[in-house]
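Quick notes on the structure that follows.
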2 protein chains.
Amino acid sequence: MPRVKQRTPQLRDHILEVARTSLAADGIESIAARRVAADAGTSIAAIYELFGDKAGLIREIFYDGFRRLRDHLDTADATDDPIADLRALMRAFREFARANPSLISVMYARPYDDFAPGPAESATGNATREAVTGRVRRAIEQGRLHGNAGDIAHVLLATCQGLALQETAGWLGTSVASRNRRWNLAADMLLTASATTAQQRR
Amino acid sequence: MPRVKQRTPQLRDHILEVARTSLAADGIESIAARRVAADAGTSIAAIYELFGDKAGLIREIFYDGFRRLRDHLDTADATDDPIADLRALMRAFREFARANPSLISVMYARPYDDFAPGPAESATGNATREAVTGRVRRAIEQGRLHGNAGDIAHVLLATCQGLALQETAGWLGTSVASRNRRWNLAADMLLTASATTAQQRR
DNA sequence: AGCCAATCAGAACAATGTTTCGAAAGCAAC
DNA sequence: GTTGCTTTCGAAACATTGTTCTGATTGGCT
C-alpha cells in the first residue's frame with residue numbers, strides 16, 4: 001500500500017489524444033516529441049517517462065487504431081445474408097481507411113523506422129480479424145463459403161489492406177468511380193461461393 | 001555544341017547501386033546521405049546535385065523496384081492456361097516480395113515521410129500492372145474470366161500487395177505453411193471464373 | 001505537515017537532412 | 001598544352017529531431 005502519489009492515466013490519455021489528433025490532421029511527421037509535448041501542454045520528458053520512446057507512443061496509436069477499426073467494423077451489423085454482411089464489412093473497412101488515411105498508414109504500412117511489431121501487436125491485429133472471422137464462419141455454416149474461416153478472413157483483410165493503401169496512399173491517379181468499381185469487383189471475386197470450393201479440392 | 005565536361009551517368013548509377021544494396025541489407029534507415037556517400041566513396045554534395053534531395057534518391061529506388069518487379073513477373077512465361085499463368089504471376093510476386101522485403105516496403109508502404117508519389121510514379125506502377133493486365137485479358141478472351149481487365153488486374157495486385165506486406169512486415173506471427181495456404185486460397189478465391197461473372201450482372 | 005513519486009524545465013548530445021563556399025579535377029575546343 | 005566551363009569534392013555550418021540527464025517543483029497520500 002504505497003502512500004505515494006499515484007500515476008493517474010489522465011496525462012497519458014491526454015497525450016495520446018493529442019497525438020491521434022495531430023496524426024489525423026497533419027500526418028505522421030507531426031508526431032514529434034517537441035510538438036506533441038507543446039500541443040499537449042506537457043513536457044518532453046513526460047512523453048519518455050510514459051511511453052519510453054517515440055516508438056512506444058506510436059505503438060499506442062497503433063493499438064488504438066485497431067480497436068477503433070474493430071469498433072467501426074462492428075457497426076455493420078449482421079443480417080440473415082452472411083455474404084452481404086461480408087460485403088458490408090469491406091465497405092466499412094474502406095470507410096474507415098478513407099476517414100483515417102494516416103492512421104491506416106500507421107497500422108498497415110508502418111511509415112517509420114523504429115516501431116517493429118511483436119507478438120502483442122500481432123495479437124491486436126488478430127483481435128480485429130476476429131470480427132471478420134466470425135462472419136466468415138457464419139457464411140461457411142450456411143454453405144455460402146467453404147474452407148478455413150481464419151484463412152478466408154485473412155485473405156479478405158489483405159485485399160482490403162491493399163485496396164485501402166492504394167486508395168489512400170496519396171496519388172489518387174484514378175477516379176472515384178473506378179475505385180468504387182474495383183472495391184465492388186474485389187467483393188465479387190472474393191465472395192463467390194464456388195471460389196472457395198476449389199480450396200476443398202486442394 | 002558545348003565544349004564542357006559531360007555528366008556521365010556512372011556516378012549516379014554507382015550511387016544508386018550502393019543505395020539499393022544498402023536498402024536490401026540494412027533497411028530503409030540505412031539510406032542516409034552521409035552513409036550512402038561514404039559507402040559509395042563519393043561526397044554528400046554529389047547526392048544532392050544528382051538527386052535533389054533524399055526523396056529524389058528514394059524515388060529512383062522506387063522506380064527501379066517496379067522495373068525489377070515487372071522483369072521478375074515476366075520470368076513466369078505464358079502457357080496455354082491463362083488461369084495457371086495468373087497463379088504463376090501471384091507466385092512470382094510473392095517470390096519477389098520475400099526476396100526484397102525492404103524494397104517492397106518502399107514501393108508499396110512508403111516508410112518515409114518526404115516522398116509523395118505523383119503522376120510519374122503512378123505511371124510506373126501502371127507499367128508494372130500492364131504485365132498482369134495482358135494475362136488477364138487473355139483469360140477473358142478464353143472465357144475463363146469476365147469483366148474489365150484493368151480492374152481485375154488491379155484487384156489481383158492489391159491482394160498481392162496486402163498479402164506481401166503482411167508477410168514481410170516483420171512479425172511473422174504465422175507459420176510458413178499457413179502463409180503458403182493463404183496465398184493459394186487467395187488465388188482460388190480470386191481466379192474462379194464464376195466469381196467475376198457476377199461483375200457482369202452489376 | 002511531511003514523504004515520495006510524478007512531472008516539469010531546460011540544457012545537452014548525437015544523428016540526420018540540407019545548404020553553402022571554395023577548391024580540385026576532368027573534358028572539350030582552340 | 002592552354003583555356004574555359006562543368007562536374008565533383010571537402011568541409012563546414014545550420015535546423016530539426018530523438019533522447020538523456022539533472023535538478024527543481026508539484027501534488028496526492030498518510
Side-chain angles (χ1 to χ4, degrees), chain A residues 1-20 22-23 25-62 102 105-106 110-116, chain B residues 1-20 22-23 25-62 102 105-106 110-116:
Chain A
M1 53 225 59
R3 59 171 195 268
V4 296
K5 179 181 180 182
Q6 300 279 35
R7 167 178 273 160
T8 66
Q10 295 170 2
L11 178 60
R12 180 186 166 99
D13 291 349
H14 181 232
I15 292 175
L16 267 178
E17 168 82 16
V18 166
R20 277 195 302 260
S22 185
L23 173 69
D26 299 327
I28 184 67
E29 61 202 13
S30 71
I31 306 297
R34 287 167 180 80
R35 171 166 174 174
V36 171
D39 288 356
T42 182
S43 65
I44 297 172
I47 294 179
Y48 286 90
E49 287 154 358
L50 290 170
F51 299 99
D53 55 5
K54 180 179 176 179
L57 174 58
I58 293 181
R59 195 189 328 272
E60 293 306 315
I61 298 176
F62 172 93
S102 296
S105 169
V106 167
R110 322 245 158 73
Y112 43 90
D113 327 347
D114 310 318
F115 166 42
Chain B
M1 55 227 52
R3 59 172 195 268
V4 297
K5 179 182 181 182
Q6 302 277 38
R7 169 177 271 159
T8 65
Q10 296 171 1
L11 179 59
R12 180 187 166 98
D13 290 349
H14 180 232
I15 291 175
L16 267 179
E17 168 82 16
V18 167
R20 276 195 301 261
S22 186
L23 174 69
D26 298 328
I28 184 66
E29 62 202 13
S30 71
I31 307 297
R34 286 168 180 79
R35 172 165 173 175
V36 171
D39 288 356
T42 182
S43 65
I44 297 172
I47 293 178
Y48 286 89
E49 287 153 358
L50 290 170
F51 299 98
D53 56 4
K54 181 179 175 178
L57 174 58
I58 293 180
R59 195 188 330 271
E60 293 306 316
I61 298 176
F62 173 93
S102 297
S105 169
V106 166
R110 322 245 158 74
Y112 43 91
D113 327 347
D114 309 320
F115 166 42

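Every chain is numbered from 1, with letters handed out A, B, ... down the list of sequences.
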Length of the line joining [X]:[atom1] and [N]:[atom2], which is rounded to integer Å:
X       : N      : atom1 : atom2 : result
B/Glu49 : D/dT6  : CD    : P     : 14 Å
B/Phe51 : C/dG17 : CZ    : P     : 14 Å
A/Tyr48 : C/dA6  : OH    : C1'   : 19 Å
B/Arg12 : D/dT6  : CZ    : C1'   : 17 Å
A/Arg35 : D/dT17 : CZ    : P     : 9 Å
A/Asp53 : D/dT20 : CG    : P     : 7 Å
B/Ile15 : D/dT7  : CD1   : P     : 14 Å
B/Gln10 : D/dC9  : CD    : P     : 12 Å

With rounding to the nearest 0.5 angstrom, report the [atom1] to [atom2] distance, [X] to [Y].
X        : Y       : atom1 : atom2 : value
B/Arg110 : B/Ile58 : CZ    : CD1   : 12.0 Å
B/Leu23  : B/Leu16 : CG    : CG    : 11.5 Å
A/Leu57  : A/Ile47 : CG    : CD1   : 6.5 Å

- Message: List the residues meeting salt bridge (Lys or Arg N to Asp or Glu O under 4.0 Å) with A/Asp26, not counting sequence neighbours, and say none if there are none.
- Response: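 By the salt bridge (Lys or Arg N to Asp or Glu O under 4.0 Å) rule, A/Asp26 matches A/Arg35.
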Show each protein N/O and nucleotides 11-16 of chain C N/O combination with a separation under 3.5 Å, one pair to a line.
| from | atom 1 | to | atom 2 | distance (Å) |
| --- | --- | --- | --- | --- |
| C/dA12 | N6 | A/Arg34 | NH2 | 3.4 |

- Distance-minimising heavy-atom pair for B/Phe51 and B/Ile15: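 Between these two residues, the closest heavy atoms are CE1-CG2, 3.7 Å.
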- Query: Closest approach of A/Ile31 and A/Lys54, non-hydrogen atoms and distance?
  - Reply: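 The answer is O-CE, 3.1 Å.
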- Considering heavy-atom distances to DNA chain C, does A/Ser43 or B/Gly52 have its closest nucleotide positioned more toward the 5' end?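 On the 5' side of the pair lies A/Ser43.
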- Message: Please tell me if A/Thr42 has a side-chain N or O lying less than 4.0 Å from either OP1 or OP2 of C/dC8.
- Response: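 So the side chain of A/Thr42 is within the cut-off, an N or O lying under 4.0 Å from OP1 or OP2 of C/dC8.
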